[in-house]
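Here is how names work: the chains are called A, B, and so on, in the same order as the sequence lines, proteins then strands, and each is numbered from 1.
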Amino acid sequence: MTLGLINANPVVHAKKERVARTEDLHGDDAVDPLEIYDFVRDIRDPEHPYSLEQLSVLSEESITVDDKLGRILITFTPTIQHCSMATVIGLCLRVKLKHYFPPHYKVDIKVSPGSHANEESVNKQLNDKERVAAALENPNLRQLVDECLYSNEL
Amino acid sequence: MAVPSELAQHIESYVDTSRSPTQQATSLDAVISLVKNHLITIETLVREMEIYLTTTDNVIRARGTLLIAELLMNLVSKPLDNVTMHSLIGFFTDRLADWRALRGALVGCLALLRRKSNNGTVTASDAKAVAESYLRNIQVQSLGQHDRKLCYELLECLIERYPNEVASLGENLIYGICEAVDGEKDPYCLLRAFHIIEALVQLFPDPSGPLASYCGDISENLGLYFPIHFTHPNGEEADVKRDDLSRALMLAFASTPLFEPFTVPLFLEKLSSPLPLAKVDSLKYLSYCAPNYGADRMAKHAGAIWISLKNAISTSMLESAKSFTSQSLNGLGFEENEITTEAFMLLKTVLMQNSDLLSSLIMDDEDISTTFNNMTSYGSYSDIPLQGKQRLHVVGRILYITTKTNIACCNRFFESFFPRLMDILEISKRNSSGGCFLDENYSLANKFHFGAVYLCVELLSAYRDLIMESRVTATDSIHAKEACCCMLQRFSLSLINAFCSTLRTGCNKVSDDVDIYFRVKGLQILATFPEDLLPISGSIFENILRTFMSIILVDFNHILLWKLALRALVHIGTFIDTCSRSEKASSFMAIVVEKILSLVPFDESTLPFSLKLEAIFEIGTSRQSHMLKIIRGLEESVFASLSDVYVHGNLRSVDMAIQLLECFSNKIFPWIHGTGDLEEVLLRFAINVWNHVKSWTASDVQVQEKGLLDATMMATKLAVGSCSEESQNIIIQKAYSVLSSNTSLIVKESTTTSIPVHPEGLQLTRQTDKFSHKDECILLLFASIIIAARPKTHIPNVREILHLFIASFLKGYVSSAQALGSMINKLGLKSNGTEISSDCALEEAIYIIFNTKPWNSYNNSVSGQCEATSNGIEIGLSDLCVGYVNNRLLQVNAIVGLAWIGKGLLLRGHEKVKDVTMILLQCLLSDGSTGASKLKQSLLEKTCEQDLHPSVMKSAADAFHILMSDSDDCLNQKFHAIIRPLYKQRFFSTVMPILLSLVVKSDSSFSRYMLYRASALVILDAPLIVVVSEAKKITPILLEGLSVLSEDIVDKEKLYALLLVLSGILTDKNGQEAIMENAHIIINRLTDLISYPHKMLVRETAIQCLVPMSKLPYTMIYPMRTQVLQAISKALDDPRRAVRQEAVRCRQAWASIASRSPHF
């Protein structure tokens, strides 16, 4: 690992206002990108005390859902090209969504095209079940992920 | 003197610093009482204390001085002669130089200076000596906080009490005060300091006096504190608030015009700071100071103020820019904050002060003229870029405020801006031709630039508001000869035409909402201008009305436009009311009211009926005469369509009649109730119903329209309910005459109160069981009148009516039962001597209901024993309920009726309700023999052994819901029920123990099941606080109730209500024990409810209830963790988002009890 921060000076964006949904008492609500975004926007960055939303790693537009087929695709943008934290961020997203959606949803997590030097290998790593499982067995990584998910710093 | 030793002791104790503060205080009190009771004089005391006052020990000297000072503080009302006063004040004045014993000297001076005149006061020369000594000796800023406070109080006291003496000190004083105040930081001391400066300025009113040279210093000192900013946390210094301090500073700043050269630039500088607080304060201070500094002085700053103001307004608007939403409907939808409000206040103030100067500044302003120049480049609102919209809004608001300031400004701004706007709108040219007729081909749509329309409307509304305000306050009335008036008169005609034609062409084109909003508003303002200032001819006014009406009738698909037009019409209607001009009023009546009324009976027009009714009602609210006209028209339509249905059997009118009746029930009657003085309308409606009933019953047509009859009943009920007793008497007489003339109902009942029933095998079939349709109609309408009657209303022939209702509710008419309940609830007691003898008192009515045997049993098949008791066996109501007659339907009807009667009794708190409850409970126990009498056994040996039918038991359980719940149909406040407070609590606490013990005793599973149901129904309507206090006993039965109610989809609302009770217990401190005891069952029940398919709120609440469960002791809930998590994971897939989100929260709570993250 490199010493010091990988991206010492990230650009911080303003938090967007949460949209209060109008209550529709009849009919069913399909899962939509905003709902997923609301779950993941507050995940803390592994390096900085800012949320992924503030660092513009995620946006509502970067999430697509197919409710019928039960598929979710999240594309995120690491703050710099060589960010070694990209995999950690991806892992956080995966763990959080695993808690928040029933198992029949298939979650794909990718870095947005051209935003990372090792795009392919990161994508592969993030969507490989066994590697994800193995990563979560690693106590250090597990701790890091938990800190990001349950952090109170924000 | 008498008690020197005691005195010495007290003095010693006070002076000794090693004693505790309480001891010192007691000795001080002792000394005070000695002096008060004339046991010693002050002179003796002082002489006695000589050593303490002159010693070289600083501490003792300070304490000694303080003792005398405190003593004087407490003896304010004790008269002192001049010599004493003089020597005392002289002493303290000297002591001011002794900084080690200063506290005592300060307190002493204050005590003496504050004395009232009748008890001896300090002379002027002595006061001056104090002031001199003060200025010479005291370095205020080197003292502690409390001493500083005393210093300031002393100064304030001197300035207030001895202004002339103090003023004679001149510059010395001013300098001293400046020095004393400099650098003060304590809020309380500051507050005093600001007051001192304010008072000081009053001392030297002369502008060329000694103060003049110090003004710069003083305002510089003060300026350091501006704007007041507290760094203290909120909890501290609660006695001085920021606002108090800020206000004191403002008063100090405004105290003299001499400060102006220093303060105004300071304010203007702070106004440009990015801090919102600084901006708001600067604006506030400027508004306050401007009138005090005077017009001449402020004139120098006018230009700078205008520029700063403009910037402040535009930047504050920029920050809060939001898009226009059709809901907001007020202006351009830019939010205004405190800065803007204050800025407009200031603008108004300075404009009032320097009208000419400011208005020329505004008129020559470049930004404003740019806005005007840019106007033509955009047509509709949506074409304008965001920045342009904001600029436009700023200009509009500024114009509005400035124009509204006073009539002079109004004239000036009108003259300078209005013609330009008219030019842009290309309206001025048309005026010269003098064409006052509608020019249809004036296609404005593309020339009607939004900006110009917007500004024009702002100008007009400012002008109109100005006029209205001046009329209300009756100050400087505005004449028609004013310049703005003339100008408006010149343009009004073509302007109105222009608005009308755009609104007309706007129908076809899809215009932007904002455009439409301002066009409608403009037209509305023009139409509601006071007649004397802007005379609009009848034809033009009619044209306006027609334009709006055509929108109402045709453009109903454009909801915003439709609503706006309706609102404008209502406004115009209301306005006619205030300045009554018969011509306009009559044309409004003809064009709007009558036109829209004429549309009601015909369904041909495309306007949907519901919108039609909405429009009619809204227009009616504009004025009472309109409403009366409308009610009359609607009434005609109602009865016409009702007759259409009932007389001619035309079922197409059913829908319309129902909608009309609902309009009466939901809108018109509440409106009448609100105005309070239109009772004759209600009376007429009710009487009309009965007039028509005759004709309905006379026709042969049989119409079975339950919905229509219900709507008619509701409308009748509401009409009668809002009437006074006299009117109700009239209505009831009328109704009764119709009822009694109908032979089939009442005569039959009164002659033979019994109907033959054959208990065995005889099942009354539905056909013979019911009344004919006509009878039903009369009966139910009569019942609804009885339900709505007031307690004092006279009901004729009560006994007969009671019999009628008893007979009819047994046939299944719930309204009869409700009417019976209402009668029982409202009947007077026997002791009431004013009752007429023919009237029936409560006791008798109860006797009639429970003891009349309406059902004679002629039973030939039973053994001859029975025949010994004359010709049959009579069966009362209670016997019917428990099932003498083997007729299920009859039994259910009897129970429902009994429940409503019971409710009437329960509400008034009558004893008899216990009997009712017992009968109902008896029905719940399936073992019929428990309550059976011998008679019954002898009568029907076969049937009595039989268990009661499930449906009968269910209705008995549901009867408890009738008893406890609030009903919309009857027995409520609206229908004048007598309601004893806390009746629910009382019923709950009497019935619950019985139910609980019955549950324990019950050995049949089905009757236990029904008992659970009954208990659940009682619990869910009881006040939560009572339930929680009984939580320990209630919770198990409540949980059973949850599972009982979750079985049937019909009970979903009740289930939800019960679940809310559980969640109330869960969140209450008193419920914890009950929760712990039943944790396992609660969790089981809640996890079952997570998958309840029929109501989203039930699922959501169940999950919410699970969250606090996770906080219970670990060992108790850990075994259930897997079960809960599995149930919640299913909820993650719930079709409703709210449930999913709750599930996520709940899952986190439960997952975290074992580890930080959920593993499976």
Original post:
Just wondering, do B:V1144 and A:F39 contact through their side chains at under 4.5 Å, heavy atoms?
Top reply: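 The answer is yes; the side chains approach within 4.5 Å.
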
**OP:** Return the minimal non-hydrogen interatomic distance between B:S1129 and A:P102, and the atom names on each side.
**Re:**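 For B:S1129 versus A:P102, the nearest heavy atoms are O-CB, 4.2 Å.
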
**OP:** Please report the closest heavy-atom contact between B:R1147 and A:K98, naming both atoms and the distance.
**Re:**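 Distance-wise, the nearest heavy atoms are NH2-O, 3.9 Å.
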
**OP:** Look up atom CD in A:E35 and atom CD in B:Q1141, then write down how far apart they are to the nearest 0.5 Å.
**Re:**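 Nearest 0.5 Å value for the CD-CD distance: 5.5 Å.
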
Taking [atom1] in [X] as the centre, count heavy atoms belonging to other residues, nucleotides or ligands within less than 6.0 Å. Is the count above 12?
X: B:N311; atom1: CG; value: yes
X: A:K110; atom1: NZ; value: no
X: B:K1111; atom1: NZ; value: yes

Original post:
Are the side chain of B:R1137 and the backbone N or O of A:V31 linked by a donor-acceptor pair below 3.5 Å?
Top reply: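 A pair under 3.5 Å: no.
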
**OP:** Could you walk me through whether B:D1133 and A:H104 pass side-chain contact (heavy atoms from CB on, under 4.5 Å), step by step?
**Re:** CA-CA 9 Å; B:D1133 210 11; A:H104 65 80; 2.5 Å; yes

**OP:** Verify whether one side chain among B:Q1148 and A:Y100 offers a donor that lies under 3.5 Å from an acceptor in the other.
**Re:**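 Looking only at side-chain atoms, A:Y100 and B:Q1148 do form a donor-acceptor pair, the distance falling under 3.5 Å.
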
